[in-house]
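Input: a single structure, listed below in structure tokens.
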Amino acid sequence: MESVKIVLLTGGSSGIGAATARVLAEAGMTVYAASRRGTVETPAPGIIPASLDVNDASQTEALVKRIVETEGRIDAVVCNAGNGIYGPVEGTTDAEARYQFETCYFGSLKTIQACLPVFRKQGFGRIITITSVMAILQLPFQGFYSSAKAALLALSESLSMELKGSGIECCSILPGDVRTGFTAARRFNAAAQDPDSPYKARMEKNLRKIEKDERDGMAPEVIAKAIRRQLERRHMAVRIIPRLDYGAVGFLVRILPERPKLRLLNRIYA
Ligand SMILES: NC(=O)c1ccc[n+]([C@@H]2O[C@H](COP(=O)([O-])OP(=O)(O)OC[C@H]3O[C@@H](n4cnc5c(N)ncnc54)[C@H](OP(=O)(O)O)[C@@H]3O)[C@@H](O)[C@H]2O)c1
């Protein structure tokens with residue numbers, strides 16, 4: 001069985017990415033931890049920081065080329081770079097919606113496409129996308145984040161079928177709430193900041209809840225270890241929801257009829 005040794009990880013400068021770089025390096029892998037900052041939280045043997053904006057395909061292609069020239073191969077890519085925008089669908093501009101899809105969906109797509117020729121040549125490759133439970137559980141005022149993550153999940157699962165027999169496998173990891181810099185980095189669109197918004201009171205309630213849930217969320221290492229477990233398996237699972245409680249939520253989402261499910265979520269979140 002081939003084992004994963006060389007990993008390209010996007011969004012390696014903080015949160016889930018920084019924890020993943022540490023956990024994979026401790027497991028003996030060499031991790032190119034790429035981000036716009038190009039830094040890592042805790043430098044360690046096996047972690048190589050790299051500068052990368054996933055929205056610039058030429059930078060991604062150059063980094064993939066550099067890794068192959070240096071290491072001779074890339075065994076796995078972890079598409080983790082992401083961000084969140086907040087606000088109601090009504091009044092969100094085209095540019096704001098596209099901004100959300102740019103990094104979370106197209107950034108991951110470009111990263112995967114840059115790695116695929118390398119994986120195909122090797123007859124081996126592992127593709128992990130970090131999506132979110134919000135890919136399957138849509139919440140109010142985060143419609144664009146939910147849709148970008150749902151699109152990425154769908155892409156991962158379509159691709160996993162296309163790659164059958166190639167030695168290349170895809171797995172999407174759907175974290176629930178995680179304590180990271182994500183909460184502070186969240187952008188509020190113009191409609192979210194409108195003092196006369198008809199959604200003002202419900203957005204305030206919603207924001208208090210989601211920010212508290214994120215602050216009280218799991219440590220990023222939980223997700224990092226789930227990533228490591230998948231990379232160490234002979235065959236990866238197609239979809240993973242880390243932690244039993246979030247797994248149970250995922251199960252409920254699948255079995256509950258749509259109308260009562262949305263009514264319940266709306267009561268809790270808005
Ligand atoms: N925290 C949660 O509750 C949660 C839940 C479910 C899913 N997720 C997902 O987990 C992933 C990691 O988020 P996190 O929670 O760890 O948040 P975070 O601490 O804010 O980390 C986001 C990472 O993405 C990088 N990044 C953002 N834009 C980038 C770009 N254009 N090019 C390259 N790197 C970029 C950031 O680095 P630079 O700023 O240096 O570029 C940073 O390293 C995201 O995809 C997020 O959607 C998070």
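Start at 1 and go down the list; that is how both ligands and their atoms are numbered. As the structure is a prediction and not an experimental result, all values here were calculated from the model. Positions are given from 1, in the same order as the sequence printed here.
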Fill in the blank from the handout: Ile130 heavy atoms within 4.0 Å reach ligand 1 at atoms 9 (C), 10 (O)
Handout entry: Basic-acidic side-chain contact under 4.0 Å: Glu258, Lys261
Key = yes
Practice task
Would you mind telling me if ligand 1 is within reach of the side chain of Leu52, the backbone, both or neither, using heavy atoms under 4.0 Å?
Solution key: backbone
Practice task
Could you list which atoms of ligand 1 come closer than 4.0 Å to a heavy atom of Asn55?
Solution key: 31 (N)
Practice task
Please name the residue in the list Ile223, Val222, Ile241, Val133 that meets the side chain to side chain contact (heavy atoms under 4.5 Å, CB included) test with Pro175.
Solution key: Ile223
Problem - Residue and atom name of the nearest protein heavy atom (relative to atom 29 (C) of ligand 1), distance in Å to one decimal - result: Arg36 NE, 3.4 Å
Exercise for the section: May I ask you to identify, for Thr131, whether its side chain, its backbone, both or neither come under 4.0 Å of ligand 1 on a heavy-atom basis? Expected result: backbone
Practice task
Could you check atom 40 (O) of ligand 1 against the protein and tell me its nearest heavy-atom contact, residue, atom and distance included?
Solution key: Arg37 NE, 2.7 Å
Handout entry: Donor-acceptor side-chain pairing of Thr60 and Thr111 below 3.5 angstrom
Key = no
Fill in the blank from the handout: closest protein heavy atom to atom 4 (C) of ligand 1 is Gly176 O, 4.0 Å
Practice task
May I ask whether Glu102 has any heavy atom positioned less than 4.0 angstrom from an atom of ligand 1?
Solution key: no
Exercise for the section: Determine whether the side chains of Gln100 and Asn83 contain a donor N or O and an acceptor N or O closer than 3.5 Å. Expected result: yes
Handout entry: Proximal ligand 1 atoms for Gly11, defined as those under 4.0 Å from one of its heavy atoms
Key = 23 (C), 24 (O), 25 (C), 43 (O)
Fill in the blank from the handout: atom 34 (N) of ligand 1 sits nearest the protein heavy atom Ala81 CB, 3.5 Å
Problem - Closest to atom 17 (O) of ligand 1 (judged by heavy-atom distance), picking from Phe182, Tyr145, Phe106 - result: Phe182
Practice task
Answer yes when Arg228 and Glu232 have at least one side-chain N-carboxylate O distance shorter than 4.0 Å, and no when they do not.
Solution key: yes
Handout entry: Atoms of ligand 1 close to Asp177 [distance to a heavy atom under 4.0 angstrom, numbered from 1]
Key = 3 (O)
Practice task
If the plane angle is over 60° it's perpendicular, under 30° parallel, otherwise tilted; pick one for Tyr199 and Phe141.
Solution key: perpendicular
Completion exercise
Closest to atom 32 (N) of ligand 1 among protein heavy atoms sits Val54 N, 3.0 Å
Practice task
Distance to 0.1 Å, residue and atom name: give those for the protein heavy atom nearest to atom 3 (O) of ligand 1.
Solution key: Val178 N, 2.9 Å
Problem - Cluster check Phe124, Val31: I/L/V/M/F/W/Y, side chain < 4.5 angstrom - result: yes
Practice task
With heavy atoms of Asp53 as the reference, note each atom of ligand 1 found under 4.0 Å away.
Solution key: 30 (C), 31 (N), 32 (N)
Exercise for the section: Compare Ser14, Ala184, Gly15 and give the one whose heavy atom is closest to atom 21 (O) of ligand 1. Expected result: Ser14
Problem - salt_bridge(Glu71, Lys5) N-O dist < 4.0 Å - result: no
Problem - Donor-acceptor pair between Thr39 and Ser13 side chains, under 3.5 angstrom - result: no
Problem - Exercise: do Thr42 and Arg22 side chains pair donor with acceptor under 3.5 Å - result: yes
Problem - Residues Asn189 and Thr93: side-chain donor-acceptor under 3.5 angstrom - result: no
Completion exercise
Note: heavy atom closest to atom 22 (C) of ligand 1, options Gly82, Ala148, Ala185, belongs to Gly82
Handout entry: Carboxylate-amine/guanidinium contact Arg73 Glu2, below 4.0 Å
Key = yes
Fill in the blank from the handout: Contact region, Lys149 to ligand 1, non-hydrogen atoms below 4.0 Å, reads side chain
Exercise for the section: Kindly identify the option in Val40, Ile16, Thr10 whose heavy atom sits closest to atom 10 (O) of ligand 1. Expected result: Ile16
Problem - Nearest neighbour in protein (non-hydrogen) for atom 12 (C) of ligand 1 - result: Asn80 OD1, 3.1 Å
Handout entry: For atom 36 (C) of ligand 1, the protein heavy atom that lies nearest, with its residue and separation
Key = Ser13 OG, 3.8 Å
Exercise for the section: Examine Thr180 against ligand 1 and note whether any of their N/O atoms are separated by less than 3.5 Å. Expected result: yes
Handout entry: Check: Tyr99/Arg187 side-chain N/O donor and acceptor closer than 3.5 Å
Key = yes
Problem - Residues Glu214 and Thr183: side-chain donor-acceptor under 3.5 angstrom - result: yes
Problem - contact_flag Cys104 ligand 1 heavy-atom lt 4.0 Å - result: no
Completion exercise
So the atoms of ligand 1 within less than 4.0 Å of a heavy atom of Ser132 turn out to be 6 (C), 7 (C)
